[in-house]
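Proteins come first, then strands; the chains are lettered A, B, ... in the order of their sequence lines, and each starts at number 1.
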Number of protein chains: 2
Amino acid sequence: MKITIKTIAKLAGVSIATVSKVVNGKDQNITEGTRNRVLKVIKENNYVPNRIASSMVTKKTKTLGLVIPDIANPFFPEIARGVEDKAKDKGYNVILCNTDNDIEKEEGYIEMLQEKMVDGIIFTSSSRRKNVSQSLLKLHIPVITVDRNIEGLKTQGLVRVDNEIGAYDAVKYMIDRGYKKILHITGPIASRPTRERLKGYKRALESNNIAYDEKLVFEGSFSSDWGYECIDKIISNDIEFDGIFCGNDLIAMGVIKELKNHKLKVPDDIGVVGFDDIYLAVMIEPELTTVRQPTYEMGYKAAELLINTLEEKEIDQNDYMLKTTLIIRNSTK
Amino acid sequence: MKITIKTIAKLAGVSIATVSKVVNGKDQNITEGTRNRVLKVIKENNYVPNRIASSMVTKKTKTLGLVIPDIANPFFPEIARGVEDKAKDKGYNVILCNTDNDIEKEEGYIEMLQEKMVDGIIFTSSSRRKNVSQSLLKLHIPVITVDRNIEGLKTQGLVRVDNEIGAYDAVKYMIDRGYKKILHITGPIASRPTRERLKGYKRALESNNIAYDEKLVFEGSFSSDWGYECIDKIISNDIEFDGIFCGNDLIAMGVIKELKNHKLKVPDDIGVVGFDDIYLAVMIEPELTTVRQPTYEMGYKAAELLINTLEEKEIDQNDYMLKTTLIIRNSTK
DNA sequence: ATAATTTAGTTAAACGTTTACCTTGGAGAT
DNA sequence: ATCTCCAAGGTAAACGTTTAACTAAATTAT
């Protein structure tokens, strides 16, 4: 037989209201004796309160949605971890949704999360998304976007990194170290971070009196395969270069591997810099010089921001721009 | 104003039962006309059914719990992805829980998940867990364990890999390739996979007439740090060796890095084999020879098994032992 | 023409809580 | 002794659905 609050009330000889009060710690007006009696019966009968029923009346589920492209992409686990840690700390759970950068999946999940009455959503949208859709505009629960905002959607907040400065710093460093002809192998240009990094790349070049040449920029995807592929293309096209600034670490890793296959030495012949500083960056040879993003902190901050708006805490700002750090290792001389 | 099923019913001029039926597709007895009218009103008013309320009456939440040590550990994202994919496919969501191998956190989550009335749980328990606890025994929702079972807990199923054979194959291969003195650097011995891999290691040695020497086995944790550290210890103790079978890939990566620092060449001086075949395995130099675990499939299968028991489909077996594959790359000669 | 069945819906109870408001008994004040 | 007030707890409505059981009308069978 199902043990509900009624069972406990009957067994303890009190009303269900009293049980509810002791379960939820709203027990200022409950005597020590009654409280202990109730607690004892609860323990004996192994009563587990049904939070679905609570949610019905409180209209809070204490659940957050986390919508990201792919948890198996090394960029996201740290974010997820940050989100989950803060959430747990505040008594929330998180529902994980992988969209594969697919707009339809994305909207399907948003719908599902709304139906499940999550209190809020943390959202890294598809890099393919150009603009808001009807279904996003209809959304009536708080959203914090991470890494990328969504053009035209007003959210409760945004947590990101200064991609332009990150890229600028990286390219500036390469120039300072004597690299002369620096390519940029990017992720998908539809993604805002990609565009911002490109901007930083340009600006670093220009402020050092190096002409920007769009033939030295190669647009692809955030994967190591794109790194391999692009190097092959570049080499077979006899493009001259001695440095590569990559859109992310995955690309950089593909690049380094393929450079080695072509007997080019990193960092002596070619300098390579990545972006993200994923876990793998120190495992490869040479260790990757890269622009570190504080991914864990981004997730953590996003959850914090979201929960604060949910609980109507004062929020001093809702657009957090976190700092990147240039991590100098051995893929640059 | 909140749009509920009542609003729709009133606007469409039908009863809430009718609305419920069309929303849920139980509309055999609804005329085309009525259905369209209801659907139109739903769309116009942007009605989103409240699944919390549904859950109250159906006693199903269509939500699964996924309890793992740490999503940021490269072994788990693929599992999570497998779980989530199958779950989505069947109309379920998944709540992510990171336990950090902490028994208390683990039990805290289990409690939370029960309160939130998840339909089932997929669980990779702490490698530190020795046996069932009271709170686990009280659990009354279906559980599938992944990778490791829990001694004394009867679950709805178990999905794992044949660790012993995997280890046996790896060590056998090393012996065949001419490595003579093969160390084994393990994860925590409390974890069952560690013990099974150790068994495979022993068996491979013995069936090739090499005496097993427990001084050549080093117990630690599943991290690259442990790999570094252990190599230092081994070298400063002047232990002789020409091969290392590592408890997982992370350890192997730490090992390879530190071996390089000591000017030992992999695979010529020392052969190294890992376990798992995580994403990084091909990114390092030399590419890692390792025992591949089908992690995505494990997650996928676990979710499938769980959902089948939830939906009372016939299940032919509830203990899935998946096969490992020895992936030969360049860290062995 | 009447009875039986089918179709297209409606009614109302139930799910397990929370919480605003009410009741009761006793302590303290006068 | 009476009044006031407070402490301790009870009552009952409400949350938004699903679904078994019911009804009324239309169709089919006899």
With a cut-off of 3.5 Å and sequence neighbours excluded, list every side-chain donor-acceptor pair involving residues 295-303 of chain A.
| residue | atom | partner | partner atom | Å |
| --- | --- | --- | --- | --- |
| A/Y296 | OH | A/D85 | OD2 | 2.5 |
| A/K301 | NZ | A/E304 | OE2 | 3.1 |
| A/K301 | NZ | A/Y320 | OH | 3.4 |

Worksheet item: Has the side chain of B/E106 got a donor or acceptor atom that lies under 3.5 Å from a matching backbone atom of B/S126?
Response: yes

Item to complete: Just call it for A/T34: base, sugar-phosphate, or nothing, with non-hydrogen atoms closer than 4.0 Å on any strand.
Response: sugar-phosphate

Worksheet item: B/E32: what forms a side chain to side chain donor-acceptor pair (under 3.5 Å) with it, not counting sequence neighbours?
Response: B/R35

Discussion item. Which residues in residues 110-118 of chain A have a heavy atom closer than 4.0 Å to any atom of DNA chain C?
Written reply: none

Worksheet item: Counting only heavy atoms not in A/E44, do more than 12 sit closer than 6.0 Å to its CD atom?
Response: yes

Return all side-chain donor-acceptor pairs below 3.5 angstrom for residues 87-97 of chain B, not counting sequence neighbours, or 'none' if the list is empty.
| residue | atom | partner | partner atom | Å |
| --- | --- | --- | --- | --- |
| B/Y92 | OH | B/E311 | OE2 | 3.0 |
| B/N93 | OD1 | A/K116 | NZ | 2.8 |

Going by atom type alone, with no hydrogens or angles, which donor-acceptor pairs under 3.5 Å involve a side-chain atom of residues 138-150 of chain A and a protein atom two or more places apart or on another chain?
| residue | atom | partner | partner atom | Å |
| --- | --- | --- | --- | --- |
| A/H140 | ND1 | A/Q114 | NE2 | 3.0 |
| A/T145 | OG1 | A/G157 | O | 3.4 |
| A/R148 | NH1 | A/S125 | O | 2.7 |

Worksheet item: Checking A/N73 side chain against A/F75 main chain: does a donor-acceptor pair fall under 3.5 Å?
Response: yes

Worksheet, complete the sentence: Hits for side chain to side chain contact (heavy atoms under 4.5 Å, CB included) against B/S133, two or more places apart or cross-chain, chain-then-number order -> B/E107, B/R129, B/S135, B/L136

Worksheet item: To the nearest Å, how far apart are B/Q28 CD and C/dG9 P?
Response: 12 Å

Discussion item. So B/N29, base contact, sugar-phosphate only, or nothing? Heavy-atom distance under 4.0 Å.
Written reply: base

Fill in: Those residues that, when tested against A/E115, pass side chain to side chain contact (heavy atoms under 4.5 Å, CB included) (two or more places apart)
A/E111, B/V48, B/P49, B/R51

Item to complete: Could you tell me whether A/Q134 atom CD has more than 12 heavy atoms of other residues or ligands within 6.0 Å of it?
Response: no

Hey, what are the protein-to-nucleotides 18-22 of chain C N/O distances that come in under 3.5 Å?
| residue | atom | partner | partner atom | Å |
| --- | --- | --- | --- | --- |
| C/dT18 | OP1 | A/N24 | OD1 | 3.4 |
| C/dT18 | OP1 | A/N24 | ND2 | 2.8 |
| C/dT18 | OP2 | A/S20 | OG | 2.2 |
| C/dT18 | OP2 | A/N24 | ND2 | 3.2 |
| C/dT19 | OP2 | A/K26 | NZ | 2.8 |

Worksheet entry | Check: B/D27 side chain, B/I30 main-chain N or O, donor-acceptor pair, under 3.5 Å | no

Worksheet, complete the sentence: Judged by nearest nucleotide, the residue sitting upstream toward the 5' end of DNA chain C, A/M56 or B/R35, is B/R35

Item to complete: Please list, in 5' to 3' order, the outermost nucleotides of DNA chain D lying under 4.0 Å from any heavy atom of chain A.
Response: D/dA8 to D/dG16

Worksheet item: Just how large is the angle between the end axes of the helix from C/dA1-D/dT30 to C/dT30-D/dA1, five pairs per end, to 10 degrees?
Response: 40°

Worksheet entry | With sequence neighbours excluded, residues passing side chain to side chain donor-acceptor pair (under 3.5 Å) with B/E78 | none

Discussion item. Applying side-chain hydrogen bond (donor to acceptor under 3.5 Å, both in side chains) as the test, list every pair that has at least one member in residues 52-61 of chain A; sequence neighbours left out.
Written reply: A/T61-A/D119

